[in-house]
Amino acid sequence: MPHITIAAALLLDNRQNILLVRKRGSPFFMQPGGKIDPGETPEEALIRELNEELQVTIGKDELVPMGCFHDVAANEAQHQLTAHLFRIQRESFTPIPAAEIEEACWFSEEASRDITLAPLTQRQILPLAWPKR
């Protein structure tokens, strides 16, 4: 099965809301981030992607490594996904969707589950962000 490696962000505000994005032409909401270019570290790729896709400037010192996660790719059929996940928490973010991002939204634990979530987001990242108490 073909493989994709990305850097992704678990972006949290002070109320523990998670920023999710939806790419143009996709039904899936997911973590912001993207593919790692040749010669880039996951941190460099994530900083670049957040700037390109959401016009958010992040410093390397804000990235807290959460590990590597594996799942099926949401937007590329029959592809396996490896995501280098980094937690970023700020009082607030002002994302401005750009590039291929159609929509960005703040998702809360109490939010309606009516949106379609990417497999990685639904199965691994949300339980990590909001562990059952």
Side-chain angles (χ1 to χ4, degrees):
M1 181 177 287
H3 190 263
I4 300 167
T5 302
I6 66 164
L10 173 56
L11 285 163
L12 297 160
D13 67 11
N14 282 352
R15 296 179 309 196
Q16 297 305 106
N17 296 317
I18 298 172
L19 184 68
L20 298 178
V21 298
R22 185 178 59 77
K23 294 183 179 190
R24 194 170 287 107
S26 172
F28 297 104
F29 280 85
M30 62 189 61
Q31 303 338 109
K35 294 177 184 169
I36 301 169
D37 287 342
E40 276 187 320
T41 65
E43 295 88 350
E44 291 167 340
L46 185 56
I47 289 168
R48 176 184 51 76
E49 288 283 350
L50 292 175
N51 188 269
E52 289 174 2
E53 294 182 347
L54 296 172
Q55 299 181 26
V56 172
T57 302
I58 300 292
K60 192 172 182 177
D61 60 324
E62 293 181 85
L63 302 177
V64 178
M66 301 294 291
C68 282
F69 297 84
H70 308 279
D71 215 312
V72 296
N75 292 319
E76 298 188 45
Q78 304 299 316
H79 281 69
Q80 181 69 28
L81 178 72
T82 296
H84 296 266
L85 183 66
F86 296 89
R87 183 176 182 272
I88 303 166
Q89 182 145 10
R90 285 187 177 173
E91 185 174 324
S92 65
F93 292 88
T94 307
I96 300 169
E100 70 266 17
I101 301 302
E102 180 79 20
E103 186 177 358
C105 70
W106 288 103
F107 192 68
S108 70
E109 194 168 10
E110 299 80 29
S112 165
R113 302 295 180 181
D114 291 343
I115 68 173
T116 303
L117 297 171
L120 179 72
T121 299
Q122 183 172 9
R123 295 193 287 230
Q124 297 186 56
I125 297 177
L126 291 184
L128 178 68
W130 301 321
K132 295 186 187 214
R133 294 181 170 99

Heavy atoms of Gln78 and Met1 approach each other most closely as O-CG, 3.0 Å

To the nearest 0.5 Å, atom CG of Leu85 lies from atom CD of Gln124 at 9.5 Å

Starting from Met30, can I reach Ile36 by hopping between I/L/V/M/F/W/Y residues whose side chains sit under 4.5 Å apart? no

Note to self: Determine whether Trp106 and Leu19 satisfy the following criterion, side-chain contact (heavy atoms from CB on, under 4.5 Å), listing intermediate values before the conclusion.
What the structure shows: CA-CA 5 Å; Trp106 288 103; Leu19 184 68; 3.8 Å; yes

Heavy-atom nearest pair, Leu46 first then Pro32, reads CD1-O, 4.1 Å

**Request:** Tell me whether Val64 is reachable from Leu128 by hopping between hydrophobic residues (I, L, V, M, F, W, Y) whose side-chain heavy atoms are closer than 4.5 Å.
**Result:** no

dist Lys60:NZ -> Glu44:CD (nearest 0.5 Å) comes out at 6.0 Å

With sequence neighbours left out, the residues meeting side chain to side chain donor-acceptor pair (under 3.5 Å) with Arg24 are Glu102

The side-chain contact (heavy atoms from CB on, under 4.5 Å) partner of Leu120 among Thr82, Val72, Ile125 is Ile125

- request: Give the C-alpha distance, both sets of side-chain angles, the deciding distance and a yes or no for side-chain contact (heavy atoms from CB on, under 4.5 Å) between Leu54 and Glu49.
  value: CA-CA 8 Å; Leu54 296 172; Glu49 288 283 350; over 6 Å; no

Tightest non-hydrogen contact, residues Phe28 and Leu117, listed as CD2-O, 3.6 Å

(request) Evaluate the criterion side-chain contact (heavy atoms from CB on, under 4.5 Å) for residue pair Leu50 and Ile88; output intermediate values, then yes/no. (result) CA-CA 11 Å; Leu50 292 175; Ile88 303 166; 3.8 Å; yes

When clusters are formed by joining ILVMFWY residues with side-chain heavy atoms under 4.5 Å apart, either directly or through shared neighbours, do Phe29 and Leu81 land in the same one?
yes

| message | Tell me if a side-chain donor or acceptor on Glu76 pairs with a main-chain N or O of Ala73 at a distance below 3.5 Å. | response | no

Rounded to the nearest 0.5 angstrom, the CG-CD distance for Leu126 and Gln31 is 7.0 Å

Residues Glu53 and Gly33: closest non-hydrogen pair is OE1-O, 3.2 Å

All heavy atoms of Ser108 vs all of Asn17, minimum pair found to be CB-OD1, 3.0 Å

Rounded to the nearest 0.5 Å, the OG1 atom of Thr121 sits from the CG atom of Leu20 at a distance of 6.0 Å

Self-check item: Ile18 and Trp130, any side-chain heavy atoms less than 4.5 Å apart
Solution: yes

CD (Gln80) and OG1 (Thr5) are apart, to the nearest 0.5 Å, by 10.0 Å

Heavy atoms of Ala74 and Ala118 approach each other most closely as CB-CB, 3.7 Å

Practice task
State whether the side chain of Gln55 and the backbone N or O of Pro95 hold a donor-acceptor pair below 3.5 Å, judged by distance alone.
Solution key: no

Taken in chain and number order and not counting sequence neighbours, the residues that satisfy side chain to side chain donor-acceptor pair (under 3.5 Å) with Glu62 are Arg90

Separation between CZ (Phe107) and CD1 (Ile115), nearest 0.5 Å, reads 4.5 Å

